[in-house]
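A short write-up of the structure that comes next.
Everything numeric in this text was worked out from a predicted model, so none of it was measured. Here is how names work: the chains are called A, B, and so on, in the same order as the sequence lines, proteins then strands, and each is numbered from 1.
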Protein chains: 2
Amino acid sequence: MHKDSPSATWPAVRRKFIEAGGSTTQSFGLGRILGQMYALLYLSPTPLCLDDIVRELSVSKASVSTTVRQLERWSAVKRVWVQGDRKDYYEAETDFHAVLRHGLLTTVRKKLDTAGSQINRAESSLRETRARGNGKSHDDLAVVMQRLDHAKQFHSKIQGLLSNPLLDHLL
Amino acid sequence: MHKDSPSATWPAVRRKFIEAGGSTTQSFGLGRILGQMYALLYLSPTPLCLDDIVRELSVSKASVSTTVRQLERWSAVKRVWVQGDRKDYYEAETDFHAVLRHGLLTTVRKKLDTAGSQINRAESSLRETRARGNGKSHDDLAVVMQRLDHAKQFHSKIQGLLSNPLLDHLL
DNA sequence: AAAAATGTTCAGTCTTAATTGAACGATGCA
DNA sequence: TGCATCGTTCAATTAAGACTGAACATTTTT
């Protein structure tokens, strides 16, 4: 009998962690590189430049360039200045709370917005349709209207929750 | 000048709504059919069988079969019995609260779980590594350890939040 | 000014995962 | 039992979008 990982080397541990970050973001539908890159920066005690990242993750510079800007938009990483080097250096934002609020929540909110406006459009179209008696029985239309209302109501409840200051408190 | 949609027909309104559902779920990384199917059932005053859905969405029966089971697992639809028909009929669960809790939250929780266990594994590996002095400066290792701890802490905070009864209250 | 270094953009490739078609097992029916 | 109806499964296809290579714009260095 032998122990599974009796003594992992530091680079091995790091690689594992980065890989884990990648598959996590991948499982959430964001790309793999996003997570790998954030993990890499998160474990790095010093800021890294684009080519560092290219080297560490062996991905194209194009990917790094676009992904780093995505992470920046989410305030998950920030650009930092390094003495006497014109390269751009990046470090991870360690305040997850800020990342979540500024990045994830606003993204979700945006998607829910477009969904909501489509519900509204459907509802008002339907209201017009109902005026003229189009094919559908009156009872059926009533059911549908009631459901659209229900959906609208739920939608705004969620929207409210996502911008509820109480949520910030819980985090 | 003319009004944009002065009088949409009922089938047109419905198609729009279904399409909207599809693109919403798609934008969240779940397939397109999932949303279309739920939207269809949600607007239907009566339960539908698999072939109804195949006809309405013009998708393969295979897709309908697998997707309906996914929706069922999330308790987003439920199977209902129809007098003297051996086909399976389905209707939408209109209690979004239940769907969210039973479907979405458990899914997210599961993904966070695997992420969390990977953080833990990394941390304990690193603890071992630190015992022997492997390459890295002691200060750097300290920073990394501190960050892994920080991540672990945040992770459990989120896990807690997701199973917080207070969350149910807010919904 | 030429060359090098750096970051960005975009058309094209490649990977992942959604979707399908066809074969199958099961269940009811004549 | 033979036939029809349903639903499921799985290998294969297809579509979506992640990722790349090469060309480019910009700034720095020689």
Side-chain angles (χ1 to χ4, degrees), chain A residues 18-19 21-41 47-74 76-91 107 111, chain B residues 18-41 47-74 76-91 107 110-111:
Chain A
I18 288 173
E19 198 42 64
S23 45
T24 297
T25 51
Q26 178 137 268
S27 85
F28 276 104
L30 321 160
R32 181 174 57 240
I33 294 184
L34 192 86
Q36 291 187 329
M37 202 159 139
Y38 182 75
L40 170 63
L41 288 171
L48 303 179
C49 70
L50 293 195
D51 283 315
D52 289 336
I53 300 172
V54 167
R55 207 173 313 115
E56 297 279 1
L57 302 182
S58 34
V59 292
S60 77
K61 198 166 183 178
S63 294
V64 172
S65 176
T66 57
T67 303
V68 80
R69 278 192 302 111
Q70 184 176 354
L71 284 172
E72 228 179 351
R73 243 178 289 126
W74 288 20
V77 305
K78 57 186 175 206
R79 188 179 308 179
V80 297
W81 250 75
V82 167
Q83 268 283 356
D85 196 330
R86 73 184 175 93
K87 285 200 280 288
D88 293 341
Y89 282 82
Y90 296 91
E91 67 181 14
T107 302
K111 291 184 178 177
Chain B
I18 289 173
E19 197 42 63
S23 46
T24 298
T25 51
Q26 178 136 268
S27 85
F28 276 104
L30 322 158
R32 182 176 53 238
I33 293 185
L34 191 87
Q36 291 187 329
M37 203 159 138
Y38 183 76
L40 170 62
L41 288 170
L48 302 179
C49 71
L50 293 195
D51 284 314
D52 289 338
I53 300 172
V54 167
R55 207 173 313 117
E56 297 279 2
L57 301 182
S58 32
V59 292
S60 77
K61 198 165 183 178
S63 294
V64 172
S65 177
T66 56
T67 304
V68 82
R69 279 193 301 110
Q70 185 177 354
L71 284 172
E72 227 178 351
R73 242 178 290 126
W74 288 20
V77 305
K78 58 185 172 204
R79 189 180 307 179
V80 296
W81 254 87
V82 167
Q83 267 282 355
D85 195 330
R86 73 186 174 92
K87 287 199 280 293
D88 293 343
Y89 282 83
Y90 296 92
E91 66 180 17
T107 302
K110 213 171 299 169
K111 291 185 178 176

Tyr90(A) ring centre to Lys78(A) NZ or CZ under 6.0 Å, with the angle to the axis within 45°? no
Which of dC19(D), dC10(C), dT19(C) is nearest the side chain of Ala62(A)? It is dC10(C)
Using atom types as modelled and distance alone, determine if a side-chain donor or acceptor of Ser58(A) lies under 3.5 Å from a backbone N or O of Val54(A). no
With nearest nucleotide decided by heavy atoms, which residue, Lys61(A) or Ile33(B), maps closer to the 5′ end of DNA chain C? Lys61(A)
Answer yes or no: does a side-chain N or O of Arg79(A) lie under 4.0 Å from OP1 or OP2 of dG7(C)? no
Value in whole Å for how far the P atom of dA18(C) lies from CD of Gln36(B): 14 Å
Selected nucleotide, minimal atom distance to Arg32(B) side chain, candidates dG7(D), dT20(C), dA16(D): dA16(D)
Side chain of Arg86(B) only, please: which of dG28(C), dT8(C), dT8(D) is the nearest? dG28(C)
Taking donor-acceptor contacts at under 3.5 Å, does the side chain of Arg69(B) reach the base of dT8(D)? no
Could you tell me how far apart Asp51(B) (CG) and dA4(D) (C1') are, to the nearest whole angstrom? 13 Å
Verify, without hydrogens or angle tests, whether Ser63(B) (side chain) and Val59(B) (backbone) share a donor-acceptor contact under 3.5 angstrom. no
For Lys87(B) and dG7(D), is the shortest distance between a side-chain N/O and OP1 or OP2 below 4.0 Å? no
Return the minimal non-hydrogen interatomic distance between Ala39(A) and Ile18(A), and the atom names on each side. CB-CA, 3.8 Å
Side-chain (Ser27(B)) to main-chain (Thr24(B)) donor-acceptor, under 3.5 angstrom: yes
Is Ser65(A) close enough to dT8(C) that one of its side-chain N or O atoms is under 4.0 Å from OP1 or OP2 there? yes
Calculate the interatomic distance between Gln26(B) atom CD and dT16(C) atom C1'; express it in whole Å. 14 Å
Measure from CD on Gln70(A) to C1' on dC19(D) and round the result to the nearest Å. 13 Å
The side chain of Ser63(A) is closest to which nucleotide in this list: dT20(D), dT27(D), dT8(C)? dT20(D)
Separation of Leu30(B) atom CG from dG17(D) atom C1', in whole Å? 16 Å
How close or far is atom P of dG7(C) from atom OH of Tyr89(A), stated in whole angstroms? 9 Å
Whole angstrom is fine here: how far is it from CG in Asp88(B) over to C1' in dT27(C)? 12 Å
Would you kindly give the CG-to-P distance between Asp85(B) and dC6(D), to the nearest whole Å? 7 Å
